[in-house]
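Heads up, the thing below is written out as structure tokens.
All values below come from the heavy atoms of this structure, side chains included, with hydrogens, waters and symmetry mates left out.
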Amino acid sequence: MYTKKILPNFRAAFALHSAVIEDCWKRGAKTYDFEGVSGALNPEDQYYGIHDFKKSFGGEFIEFLGEFDYIQDPQAYQRILKRQRRHRRLRQGLARVLYR
């Protein structure tokens, strides 16, 4: 709904966010974070609607630097990644067997 202007009269998301913002304001909050945008600031972009929706509340776009991992022990890190991949494959295999 926010990436394409369909159902323009359906305003449940506006009502929800407005109510939450008002409640937060009453409780003393000074900011409300909509949590992330696509980064599309060009109106021609297909995801601009998300930015446009959030901006309609009167806020401003603030971009923060992303997260990064500092790897102290590359070998231990690789072992962890291998273990995670094995665990994921095992879970997926079990799910295929159990949920047919």
Side-chain angles (χ1 to χ4, degrees):
M1 182 171 117
Y2 307 116
T3 58
K4 296 183 181 169
K5 297 286 182 179
I6 59 172
L7 300 173
N9 294 322
F10 186 69
R11 303 284 188 211
F14 284 92
L16 174 67
H17 282 289
S18 294
V20 172
I21 290 169
E22 186 176 327
D23 185 55
C24 289
W25 183 260
K26 286 178 185 174
R27 294 171 185 248
K30 301 292 181 210
T31 61
Y32 180 76
D33 189 355
F34 274 101
E35 289 297 322
V37 293
S38 64
L41 301 178
N42 178 357
E44 301 299 317
D45 191 291
Q46 66 176 347
Y47 296 110
Y48 180 76
I50 297 169
H51 170 72
D52 191 39
F53 166 73
K54 293 177 179 184
K55 188 177 175 186
S56 71
F57 285 87
E60 58 186 270
F61 178 71
I62 301 173
E63 190 170 11
F64 296 104
L65 187 61
E67 299 179 6
F68 300 94
D69 291 332
Y70 175 72
I71 301 168
Q72 293 179 338
D73 185 347
Q75 291 175 335
Y77 181 69
Q78 290 304 317
R79 287 193 301 272
I80 291 168
L81 291 178
K82 271 187 185 176
R83 192 176 319 131
Q84 287 176 341
R85 283 190 294 265
R86 280 196 311 264
H87 187 251
R88 187 179 317 115
R89 282 196 303 265
L90 177 63
R91 278 195 341 252
Q92 289 171 345
L94 285 173
R96 280 190 210 103
V97 171
L98 295 173
Y99 300 109
R100 283 189 203 214

Same apolar cluster (I L V M F W Y, side chains within < 4.5 Å links), L90/V97
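No: no chain of side-chain contacts under 4.5 Å links L90 to V97.
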
Tell me, which pairs form a side-chain hydrogen bond (donor to acceptor under 3.5 Å, both in side chains) where one or both residues lie in residues 69-86, sequence neighbours left out?
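Sorted result for residues 69-86: empty, none.
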
Which residues share a salt bridge (Lys or Arg N to Asp or Glu O under 4.0 Å) with [X], sequence neighbours left out:
| X | answer |
| --- | --- |
| D23 | R27 |
| K30 | none |
| R88 | none |

The remaining residues in the hydrophobic cluster of W25, counting side-chain heavy-atom contacts under 4.5 Å among Ile, Leu, Val, Met, Phe, Trp and Tyr, are none

